[in-house]
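Residue numbers start at 1 and run along the sequence shown.
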Amino acid sequence: MVKTTVSIIKADLGSIVGHHRVHPKQMELAKQMMEQAKKSKMINSYHVTHVGDDLELIMSHNKGENNPEIHKLAWDVFTKVTNEVSKPLKLYAAGQDLLSDTFSGNVKGMGPGVAELEFEERKSDPIVIFMADKTEPGAWNMPLYKIFADPFNTAGLVIDPDLHSGFIFEVLDVMEGKTVRINTPEESYDLLALIGTTGRYVISKVYRKDGLPAAAASTSRLSLIAGRYVGKDDPVLIVRAQHGLPAVGEVLAPFAFPYLVAGWMRGSHYGPIMPVSVKDAVVSYFDGPPRVVALGFQVSNGELIGLSGSEPADLFADPAFDRARQLANEIAFYMRLHGEFMPARLGPEEMEYTTLPQVLEKLKEKWKKEK
Ligand code: F6R
Ligand code: MG
Ligand code: MG
């Protein structure tokens, strides 16, 4: 059976009014290029959207994960949008996430974020795509744990025999570039011991115990690639749902709690993650607070099926998430009352990759030995 691949490849190519949001002309050009790729049968379907200042290309195709043609397509879209829209309009931080001039077969390690999942389509295959702005890949650790390993979130882990034996989590150590596979529920405490350290251990994939691919997340950390501060990674995540996997409602439930994530202003602060509709996927207050959007599709015969064509269901455009948004606003305000004091500001290891070391460098000469 031909397998289907869902790929999300995204980048910050510059934006309007600082880091507020993607410009409509950037989206327009990206859509034209995606339409071309669909006509030439390179991809089966696509949806172009944005979250804050990140341009998101969602595609379905039959070429598998890490396919050089698909990656080149995304890279070409990003360079053309940068050269033909971001630069002429002098959009802010034009081409920010394109950390290399030459494409070498895969966008991983070159700046853009990627999440890809290849799978055999079931009788019906609902998927939810999450996209965040002003945070890092470790931000998915808590919701992924809740969705696939926490029975207080996912009733199916207890009630549904198809979920009852649990899931396998693949965790990446972003510092060492190593992965480890951990089984839940048996090794849940080992998993938590790792993924609680969100800046270092990030969940990259989740499988059902029988090997069925259930989720894929982007894991790149821009600062580690560039060795300097280049904004946050603003990660993306694909989750399959229903019929032997967590239900869509169980997949969305963790976001009713606006938990704290690293990012926000200058990629240097903890802030609550606010679930929003695409219309509200912009950032303002202190360049935030961090946002997350959830788009729903059915995958059918290699295509992303939405409400009209591939226009998805905007799953957080729902009053059920009003409370989370309200709470996020209150937490954002509370965190900001701390100014530059920890824990509102990130710890020293994380601040290494910001502009703070340049400031500390200036004080170097002034230090005197304690008497
Ligand atoms: C966070 C982000 C922004 C900028 C901030 C300063 O990911 O992109 O918060 O860090 O607006 O930007 P510059 O230094 O370009 O003025
Ligand atoms: Mg930006
Ligand atoms: Mg961004």
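Ion pairing between Glu186 and Lys209 holds under the 4.0 Å rule for side-chain N and carboxylate O. Asp173 and Lys178 are not joined by a salt bridge, as no carboxylate oxygen comes within less than 4.0 angstrom of a charged side-chain nitrogen. Between Arg208 and Asp210 a salt bridge is recorded (basic side-chain N to carboxylate O distance below 4.0 Å). Checked for salt-bridge contact, Lys10 and Glu116 miss the test: no charged N lies under 4.0 Å from a carboxylate O. A salt bridge between Arg240 and Asp125 is present, with a side-chain N of the basic residue lying under 4.0 Å from a carboxylate O of the acidic one. Using a 4.0 Å cut-off between a side-chain N of Lys or Arg and a carboxylate O of Asp or Glu, Glu303 and Lys38 do not qualify as a salt bridge. For Asp76 and Lys72, the salt-bridge test passes: some basic side-chain N is under 4.0 Å from an acidic carboxylate O. Classification of Glu121 and Lys3 as a salt-bridged pair fails, no side-chain N sitting under 4.0 Å from a carboxylate O.
Looking at Asn44 and His61, their side chains never bring a donor and an acceptor atom within 3.5 Å of each other. Counting only N and O atoms by type, the side chains of Asn66 and Lys108 include a donor and acceptor under 3.5 Å apart. Under 3.5 Å, the side chains of His269 and Glu340 contain a donor-acceptor pair of N or O atoms. Using modelled atom types and a 3.5 Å distance limit, the side chains of Glu170 and Ser204 yield a donor-acceptor pair.
Checked by atom type and distance alone, the side chain of Glu187 pairs as donor or acceptor with a backbone atom of Asn183 at under 3.5 Å. Asp233 places no side-chain N or O within donor-acceptor distance of the main-chain N or O of Pro235, the cut-off being under 3.5 Å. Remark: side-chain polar atoms of Ser220 are not paired, donor with acceptor, to backbone N or O of Gly113 under 3.5 angstrom. Using modelled atom types, one side-chain atom of Asn83 and one backbone atom of Thr79 make a donor-acceptor pair closer than 3.5 Å. Proximity of a side-chain donor or acceptor of Thr154 to a complementary backbone N or O of Ile147 within less than 3.5 Å is detected. Between the Arg228 side chain and the Tyr353 main chain, no donor and acceptor come within less than 3.5 Å of each other. For the pair Thr184 (side chain) and Phe167 (backbone), a donor-acceptor distance under 3.5 Å is present. Of the possible polar contacts, one joining the Ser45 side chain to the Leu304 backbone as a donor-acceptor pair under 3.5 Å is found. With hydrogens and angles disregarded, no donor-acceptor distance shorter than 3.5 Å links the side chain of His19 to the backbone of Ser15. When atom types are taken as modelled, the side chain of Arg21 and the backbone of Ile16 share no donor-acceptor pair closer than 3.5 angstrom.
When all heavy atoms of Leu194 and Ile182 are compared, the pair lying nearest together is CD1-CD1, 3.7 Å. In terms of heavy atoms, Ser86 sits closest to Ala94 at CB-CB, 3.7 Å. Listed here is the closest heavy atom pair of Ala241 and Val251: CB-CG2, 4.2 Å. Across Val6 and Ile238, no two heavy atoms sit closer than the pair O-CD1, 3.5 Å. When all heavy atoms are compared, the tightest approach of Ser100 to Trp75 is O-CZ2, 3.3 Å. Nearest heavy-atom pair across Thr135 and Ala139 is OG1-CB, 3.5 Å.
The CG atom of Asn141 sits 9.0 Å away from atom OG1 of Thr197, with the distance rounded to the nearest 0.5 Å. How far NE2 of His243 is from NZ of Lys123: 7.0 Å, rounded to the nearest 0.5 Å. In this structure, CG in Leu13 is found 10.5 Å from NZ in Lys87, a value given to the nearest 0.5 Å. Interatomic distance, CG of Leu222 versus CE of Met110, reported as 12.5 Å (0.5 Å rounding). Summarising the geometry, atom NE2 belonging to His164 is positioned 11.5 Å from atom CG belonging to Asp162; distances are rounded to the nearest 0.5 Å. The distance from atom CD of Glu250 to atom CG of Asp150, rounded to the nearest 0.5 Å, is 11.0 Å.
At a threshold of 4.5 Å between side-chain heavy atoms, the hydrophobic network of Ile, Leu, Val, Met, Phe, Trp and Tyr places Leu212 and Val206 in one connected group. One hydrophobic cluster, built from ILVMFWY side chains closer than 4.5 Å, cannot hold both Met34 and Val299; they sit in different ones. Residues Phe297 and Val239 do not share a hydrophobic cluster, clusters being chains of Ile/Leu/Val/Met/Phe/Trp/Tyr side chains in contact below 4.5 Å. Clustering ILVMFWY residues whenever any of their side-chain heavy atoms sit less than 4.5 angstrom apart, transitively, puts Val180 in the very cluster that holds Phe148. Ile305 is not connected to Tyr46 by any chain of hydrophobic side-chain contacts under 4.5 Å among Ile, Leu, Val, Met, Phe, Trp and Tyr, and they are in different clusters.
Within a 6.0 Å sphere centred on CZ of Arg122, other residues, nucleotides and ligands contribute more than 12 heavy atoms. Atom NZ of Lys63 has more than 12 neighbouring heavy atoms from other residues, nucleotides or ligands inside a 6.0 Å radius. Counting heavy atoms of neighbouring residues, nucleotides and ligands inside a 6.0 Å radius, atom OH of Tyr285 exceeds 12 of them.
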**Request:** Could you please spell out the steps behind the side-chain contact (heavy atoms from CB on, under 4.5 Å) verdict for Val81 and Met27?
**Result:** CA-CA 8 Å; Val81 167; Met27 305 255 295; over 6 Å; no

**Message:** Let's go through Glu176 and Arg200 carefully: what are the C-alpha distance in whole Å and the side-chain angles of both, what is the deciding distance for side-chain contact (heavy atoms from CB on, under 4.5 Å) to 0.1 Å, and is it a yes or a no?
**Reply:** CA-CA 9 Å; Glu176 297 282 332; Arg200 174 157 188 172; 3.3 Å; yes

**Message:** For Glu350 and Arg221: C-alpha separation, side-chain torsions, deciding distance, then whether salt bridge (Lys or Arg N to Asp or Glu O under 4.0 Å) applies.
**Reply:** CA-CA 12 Å; Glu350 295 290 322; Arg221 290 211 52 192; 3.3 Å; yes

**Request:** Decide yes or no on salt bridge (Lys or Arg N to Asp or Glu O under 4.0 Å) for Asp53 and Lys134, but give the supporting numbers first.
**Result:** CA-CA 9 Å; Asp53 55 8; Lys134 300 292 180 274; 3.0 Å; yes

**Asked** Given the rule in the side-chain contact (heavy atoms from CB on, under 4.5 Å) test, do Lys146 and Leu144 qualify, once you have shown the distances and angles that lead to the verdict?
**Response** CA-CA 5 Å; Lys146 286 188 172 177; Leu144 281 171; over 6 Å; no

**Message:** Applying side-chain contact (heavy atoms from CB on, under 4.5 Å) to Val174 and Leu224, what does each step give before you reach the verdict?
**Reply:** CA-CA 8 Å; Val174 294; Leu224 299 178; 3.9 Å; yes

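Proximity of Thr49 to Ile58: side-chain heavy atoms (C-beta onward) are separated by under 4.5 Å at one or more points. Ser124 places a side-chain heavy atom less than 4.5 Å from the side chain of Gln298. In this structure, Leu295 and Met131 have side chains that are in contact, with non-hydrogen atoms separated by less than 4.5 Å. Side-chain contact check for Val171 versus Ile195: some heavy-atom pair is nearer than 4.5 Å. Side chains of Val261 and Glu136 form no contact here, defined as non-hydrogen atoms less than 4.5 Å apart. Val236 has its side chain out of reach of Val51: every pair of non-hydrogen atoms, C-beta onward, lies at least 4.5 Å apart. Proximity of Phe321 to Met274: side-chain heavy atoms (C-beta onward) are nowhere separated by under 4.5 Å. By the 4.5 Å heavy-atom criterion applied to side chains, Ile273 and Arg291 are not counted as neighbours.
Taking the six-membered ring for Trp and thresholds of 30 and 60 degrees, Trp264 and Phe286 have ring planes more than 60 degrees apart, a perpendicular arrangement.
Aromatic ring centres of Phe130 and Phe255: separated by under 6.0 Å.
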